[in-house]
Amino acid sequence: MTIIIDRTRERPATTGPVSVAERQREKTRPKGLYQKRAPIYPKLVHGRWRWIKWALLIAMLAIYYVTPWLRWERPGALPDQAVLVDFDGGRFYVFMIQLWPQEVYFITGLLVLSALALFLVTALFGRLWCGYACPQTVWTDLYIYIERLFEGDRNARMRLDAAPTSFNKLWRKAGKHAVWIGVAFGTGGAWIFYFHDAPGLIRTFWVGGAPMTAYVSCAILTFTTYVFAGHMREQVCTYMCPWPRIQGAMLDDQSFQVTYRYDRGEPRGPHKKAQSWDGRGDCIDCNQCVVVCPMGIDIRNGPQLECINCGLCIDACNEIMDKVGRPRGLIAYDTDAAVAARNIGQKPQHRLIRPRTIYYGLALALVGGLMIWGLGARERLGVHALRDRNPAWIRLHDGAVRNGYTLKIANHGFEPATIEIRYAGVPGAVLKSPGRPASGPLRVEVEPNRVTPLRVFVTVPADRAGDGSRDAAFEIRSGGQTQTVRTAFDYGDQTR
């Protein structure tokens, strides 16, 4: 089969000379399936939002790097690292809280809680997470800061990239990438400390004595940090992250976002000193909001997928407004409804409390309350009774019927516990455990922070034996509290 491609249909035919605009569009039109990334050189700006971003960057990096080194004293041989995911011991420690593998629902609850909080914040204030707290944003800001130290601000970096190869260019580029790799390695190194004792791991890591998972995890995170924050940057947010597309379901015209107030800025155009402001807007078309944007967009084109609501364009625009003697706030955190209301001469109203924020708030409070209740109601002892299945019952020489059980006693506390075990629900039943006294209730010393298996037998005399099975329960008493674990007793076939 032959496929004929009509190349004449790729571009509309023209009946006259090609215009200058058309020739320019032809030059910039992508030649392949994917357009080559155009590098973005964000300019340094000073202002309220830039300082807030610096403060949050320092705070969050400090939390990330310092947390594994915080100590929290625990009894015995338990680890004294405040925050530790201990896969070897099967525990998750967060200061005074200790979670066991079977309590993974607390981790699930924490993830749901975080998602609901993110939904609520997005509905109220747009993509604040993306602009201030997302790891991609934080490390990209740090990498751009390092880039400025070696190569200068926007114009200097552009000139350096366009300049021919020289010693000056080589040492600046090499120094920048060396520091980038060092930061990436520190990021991967800090991550593995959350899964191993930090003081011990840092000693064994350099001599090849650390677990292989530590080296692999460190290498992967070093690579991804260097590539994502140093080279891909805005592409991660635009093409890899699903959140910009998900957030559209949570935003409405009452959500606060970085907004160009077109009601005040249009019509825009250059402005000369002493020129009247009558009949025109406050925007002088200086493009400073564009050159400071780390995503390379023009906020004056309205809400866009790429915008991360970092507020740097607000600082840049405020500087220009100060210079030309106009009020600040041409670009500001505002709502689409407020801008539209001012555009037609109405007074804007900001509604923080509306149906979607109420739903998110109630869901957040419900899940948060369940998490707090669950943590407060956790039992110190967890007991599970496993019945013998093969055989389910044994007939003794005197006609008595015996059932065997294995009790799994988990002591969730940090101190040993003495428990008393009774068997209820079966008349005449006698509870015994190998190697322990046969008279009275069964008393067991349970070690802290571990699961203790206990083998027990329940025997019913021949004259008290029935047919089929009967509901029963183990009563576990410790520290004035009683816990009931339901089970069953199998009498077997009494006709045999």
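The minimum heavy-atom distance linking A190 with Y64 is given by the pair CB-CE2, 3.6 Å. For I331 against C313, the heavy-atom pair with the smallest separation is CG2-SG, 3.9 Å. Nearest heavy atom pair, residue A249 against residue R356, reads O-NH1, 3.1 Å. The two residues A214 and F205 come nearest to each other via the heavy atoms O-CE1, 4.4 Å. Nearest heavy-atom pair across L305 and P244 is CD1-CB, 3.3 Å. For L57 against V138, the heavy-atom pair with the smallest separation is CD1-O, 3.5 Å.
Figure legend: K173 and F150 shown without cation-pi pairing, the cationic atom not lying both under 6.0 angstrom from the six-membered ring centre and within 45 degrees of its axis. With W54 as the aromatic partner, R50 meets the cation-pi criteria of under 6.0 angstrom to the ring centre and within 45 degrees of the ring axis.
Looking at heavy atoms from C-beta onward, R354 lies in side-chain contact with Q254 at the 4.5 angstrom threshold. A heavy-atom distance below 4.5 Å is not found between the side chains of L396 and V401. Put simply, the side chain of T67 reaches to within 4.5 Å of the side chain of Y194, judged on heavy atoms. Residues M232 and V227 meet the side-chain proximity criterion, which asks for heavy atoms closer than 4.5 Å. Two residues are said to be in side-chain contact when any heavy atoms from C-beta on lie closer than 4.5 Å; W191 and C218 fail this criterion. Counting heavy atoms from C-beta outward, Q235 and I40 have side chains that stay 4.5 Å or more apart. Side-chain contact check for W129 versus V121: every heavy-atom pair is 4.5 Å or farther apart. Proximity of P294 to R233: side-chain heavy atoms (C-beta onward) are nowhere separated by under 4.5 Å.
Salt bridge present: D153 and R148 bring a charged side-chain N and a carboxylate O closer than 4.0 Å. K176 and E147 are joined by a salt bridge, as a carboxylate oxygen and a charged side-chain nitrogen come within less than 4.0 angstrom of each other. In this structure, R328 does not pair ionically with D315, as no charged nitrogen and carboxylate oxygen lie closer than 4.0 Å. D490 has no carboxylate O lying under 4.0 Å from a charged side-chain N of R389, or vice versa, which leaves the two without a salt bridge. R71 has a carboxylate O that lies under 4.0 Å from a charged side-chain N of D80, or vice versa, which qualifies the two as a salt bridge. Note on R351 versus D253: no salt bridge recorded, every NZ/NE/NH1/NH2 to OD/OE distance being 4.0 Å or above.
Remark: aromatic rings of F92 and F106 are distant, center separation not under 6.0 Å.
Around atom CZ of R486, no more than 12 heavy atoms belonging to other residues, nucleotides or ligands sit under 6.0 Å away. Few gaps surround OH on Y215; more than 12 heavy atoms of other groups in view lie less than 6.0 Å from it. Within a 6.0 Å radius of CD in Q102, more than 12 heavy atoms belonging to other residues, nucleotides or ligands are found. Remark: Q349 CD is loosely packed, at most 12 non-hydrogen atoms of other residues, nucleotides or ligands lying under 6.0 Å away. Atom CD1 of I353 has 12 or fewer heavy atoms from other residues, nucleotides or ligands within 6.0 Å. Few gaps surround CH2 on W69; more than 12 heavy atoms of other groups in view lie less than 6.0 Å from it.
Distance alone, capped at 3.5 Å, is enough to place a donor-acceptor pair between the Q81 side chain and the F193 backbone. Within the 3.5 Å criterion, the main-chain N or O of R172 finds no donor-acceptor partner in the side chain of E151. Remark: side-chain polar atoms of R470 are paired, donor with acceptor, to backbone N or O of G425 under 3.5 angstrom. With hydrogens and angles ignored, the 3.5 Å screen pairs a side-chain donor or acceptor of N411 with a backbone N or O of E415. Side-chain atoms of S433 come within 3.5 Å of backbone N or O of R455 as a donor-acceptor pair. A donor-acceptor contact shorter than 3.5 Å links the side chain of R127 to the backbone of C307. Checked by atom type and distance alone, the side chain of R157 pairs as donor or acceptor with a backbone atom of G152 at under 3.5 Å. Distance alone, capped at 3.5 Å, places no donor-acceptor pair between the R443 side chain and the T418 backbone. With S255 contributing its side chain and G126 its backbone, the two residues share no donor-acceptor pair below 3.5 Å.
Test W393, F474, F457 against Y405 for ring pair (Phe, Tyr, Trp, His ring centres under 6.0 Å) and you get one pass: F474.
In this structure, M60 CE and L142 CG are separated by 11.5 Å, a value rounded to the nearest 0.5 Å. The CZ atom of R422 lies 11.0 Å from the CD1 atom of I476; values are rounded to the nearest 0.5 Å. Atom CD1 of residue I308 and atom CD of residue Q136 lie 9.0 Å apart, to the nearest 0.5 angstrom. The distance from atom CD1 of I358 to atom CG of L352, rounded to the nearest 0.5 Å, is 11.5 Å. How far CD1 of I181 is from OG1 of T222: 9.5 Å, rounded to the nearest 0.5 Å. For the atom pair CG of L251 and CG of L124, the computed distance is 10.5 Å after rounding to the nearest 0.5 Å.
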Start with the C-alpha distance between L99 and I107, add both sets of side-chain angles, then the distance that settles side chain to side chain contact (heavy atoms under 4.5 Å, CB included), and finish with yes or no.
CA-CA 9 Å; L99 299 181; I107 306 297; 3.8 Å; yes

D334 vs H350, side chain to side chain contact (heavy atoms under 4.5 Å, CB included): CA-CA, chis, key distance, verdict
CA-CA 9 Å; D334 205 348; H350 298 107; 3.2 Å; yes

Would you please test L56 and K53 for side chain to side chain contact (heavy atoms under 4.5 Å, CB included) and show each step?
CA-CA 5 Å; L56 289 176; K53 281 175 67 66; 5.9 Å; no

Could you go step by step and tell me if T484 and E475 meet the side chain to side chain donor-acceptor pair (under 3.5 Å) rule?
CA-CA 5 Å; T484 301; E475 294 181 352; 5.3 Å; no

Evaluate the side chain to side chain donor-acceptor pair (under 3.5 Å) criterion for residues N449 and R74: first the C-alpha distance (whole Å), next the side-chain angles of each, then the deciding distance (0.1 Å), finally the verdict.
CA-CA 11 Å; N449 195 43; R74 298 186 179 94; over 6 Å; no

Would I409 and V451 satisfy side chain to side chain contact (heavy atoms under 4.5 Å, CB included), going step by step from the backbone distance to the final call?
CA-CA 5 Å; I409 307 171; V451 177; over 6 Å; no

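Identified under the side chain to side chain donor-acceptor pair (under 3.5 Å) test for residues 177-187, with sequence neighbours left out: Y65-T187, W139-T187, H177-Y226.
Annotation: ring pair (Phe, Tyr, Trp, His ring centres under 6.0 Å) contacts of F87 (sequence neighbours excluded): F195.
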